[in-house]
Amino acid sequence: MAPKSLKICSAVLLLLIVLIAAVFLTLFLTILKPRPPEITTHPANLHNVTFGVFPTLTLNATLNFTITVRNPNHGDCAYDGSVAVVYYRGSPVAEIPLGPGAVPARGRHDVVALADLSGDRVVNSPGFSADYGAGRLNFTSVANMPARVRVLKAFKIHLTVVIDCELSVLVSPPYDVRSTCTSKLKF
């Protein structure tokens with residue numbers, strides 16, 4: 001009788017292990033699956049704007065903007081320092097250092113960024129006159145941030161958050177800046 005009860009006990013234990021594995025797999029693929037952070041941009045503005053036409057055309061400005069990062073994951077997200085590059089018509093015109101930080105599970109974190117725009121690169125761009133005549137300068141910004149999401153305080157998932165921003169700057173006072181950002185995950 002002992003071998004029959006051993007078989008029944010083994011079968012029940014195997015069934016229980018398969019059931020627990022299925023529950024963990026379902027949880028990991030639905031609730032605990034890493035999702036991209038939600039990026040919200042706040043109204044940006046320009047400071048220290050200087051524009052000159054004599055003896056040569058010059059432009060210098062500091063772009064100040066705040067991004068709110070919301071972590072929809074059930075695990076904490078820590079990101080390493082990175083550099084965002086601001087482009088005007090495909091040419092880099094500024095680099096923005098982004099320091100390391102962390103966003104708690106299902107929480108928010110504000111990132112403040114300052115960029116000193118290299119006016120020489122903007123003014124010497126072939127399409128500057130047309131953009132200035134139209135009243136708006138359009139910039140793009142790209143940042144690749146290595147990050148780690150910690151699930152159940154035990155598992156770390158390494159990924160890269162790619163943030164793309166489109167910035168449109170009004171060239172006359174009050175130098176209104178419109179911005180939209182999107183984010184994607186790379187595993």
Side-chain angles (χ1 to χ4, degrees), residues 12-48 61-88 92-117 136-170 174-187:
V12 169
L13 183 62
L14 181 63
L15 182 65
L16 188 62
I17 289 172
V18 169
L19 185 63
I20 290 173
V23 167
F24 274 115
L25 183 64
T26 303
L27 279 175
F28 190 76
L29 293 177
T30 57
I31 296 173
L32 302 176
K33 181 175 106 176
R35 292 180 209 76
E38 295 172 8
I39 307 294
T40 306
T41 56
H42 300 285
N45 51 25
L46 289 176
H47 296 289
N48 308 325
T62 302
L63 179 65
N64 177 16
F65 62 100
T66 303
I67 298 173
T68 298
V69 181
R70 190 178 86 67
N71 180 9
N73 296 302
H74 290 276
D76 296 337
C77 179
Y79 57 90
D80 299 330
S82 181
V83 174
V85 180
V86 178
Y87 296 93
Y88 176 70
V93 294
E95 290 187 354
I96 307 169
L98 302 171
V103 184
R106 305 186 64 80
R108 296 173 182 248
H109 179 66
D110 287 338
V111 177
V112 178
L114 295 171
D116 290 324
L117 298 177
R136 285 209 171 267
L137 300 178
N138 297 313
F139 297 91
T140 57
S141 173
V142 177
N144 292 319
M145 299 181 72
R148 292 165 311 286
V149 176
R150 193 179 202 152
V151 179
L152 297 176
K153 300 194 185 238
F155 305 105
K156 286 185 184 177
I157 300 171
H158 293 269
L159 48 95
T160 301
V161 180
V162 180
I163 302 171
D164 293 315
C165 293
E166 302 290 327
L167 306 163
S168 181
V169 179
L170 186 66
Y175 305 113
D176 177 46
V177 180
R178 294 182 187 154
S179 57
T180 58
C181 293
T182 59
S183 64
K184 293 180 266 184
L185 289 183
K186 287 184 183 178
F187 291 94

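Considering CG of L137 and CG of L170, their distance stands at 9.0 Å, rounded to 0.5 Å. The distance from atom CG of L114 to atom CG of N48, rounded to the nearest 0.5 Å, is 10.0 Å. Taken to the nearest 0.5 Å, the CD1 atom of I20 stands 13.5 Å off from the CG atom of L25.
Side-chain atoms of F139 and L63, non-hydrogen and from C-beta on, never get closer than 4.5 Å to each other. Contact of the N64 side chain with the V112 side chain is registered, since non-hydrogen atoms from C-beta on lie closer than 4.5 Å.
Of the candidates L98, V111, V161, Y79 forms a side-chain contact (heavy atoms from CB on, under 4.5 Å) with just one, namely V111.
For D116, the side-chain hydrogen bond (donor to acceptor under 3.5 Å, both in side chains) partners at least two apart in sequence or on another chain are T62. For V149, the side-chain contact (heavy atoms from CB on, under 4.5 Å) test picks out N73, C77, V151, L159, with sequence neighbours left out. S179 is linked by a side-chain hydrogen bond (donor to acceptor under 3.5 Å, both in side chains) to T41, counting only residues two or more places apart in sequence or in another chain. Residues passing the side-chain contact (heavy atoms from CB on, under 4.5 Å) test with N144 are T160, V162, sequence neighbours excluded.
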### Task
Could you give me the CA-CA distance, side-chain angles and deciding distance for V85 and V142, then say whether side chain to side chain contact (heavy atoms under 4.5 Å, CB included) is met?
CA-CA 6 Å; V85 180; V142 177; 5.7 Å; no

### Message
Run the side chain to side chain contact (heavy atoms under 4.5 Å, CB included) test on H109 and N71 for me, step by step, so that the C-alpha distance in whole Å, both residues' side-chain angles and the decisive distance to 0.1 Å come before the verdict.
### Response
CA-CA 8 Å; H109 179 66; N71 180 9; over 6 Å; no

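For residues 63-82, the salt bridge (Lys or Arg N to Asp or Glu O under 4.0 Å) pairs, not counting sequence neighbours, are E38-R70, D80-R148. For residues 98-110, no pair satisfies salt bridge (Lys or Arg N to Asp or Glu O under 4.0 Å), with sequence neighbours left out.
Of all non-hydrogen atoms in N138 and Y88, the two that sit nearest each other are O-CD1, 3.3 Å.
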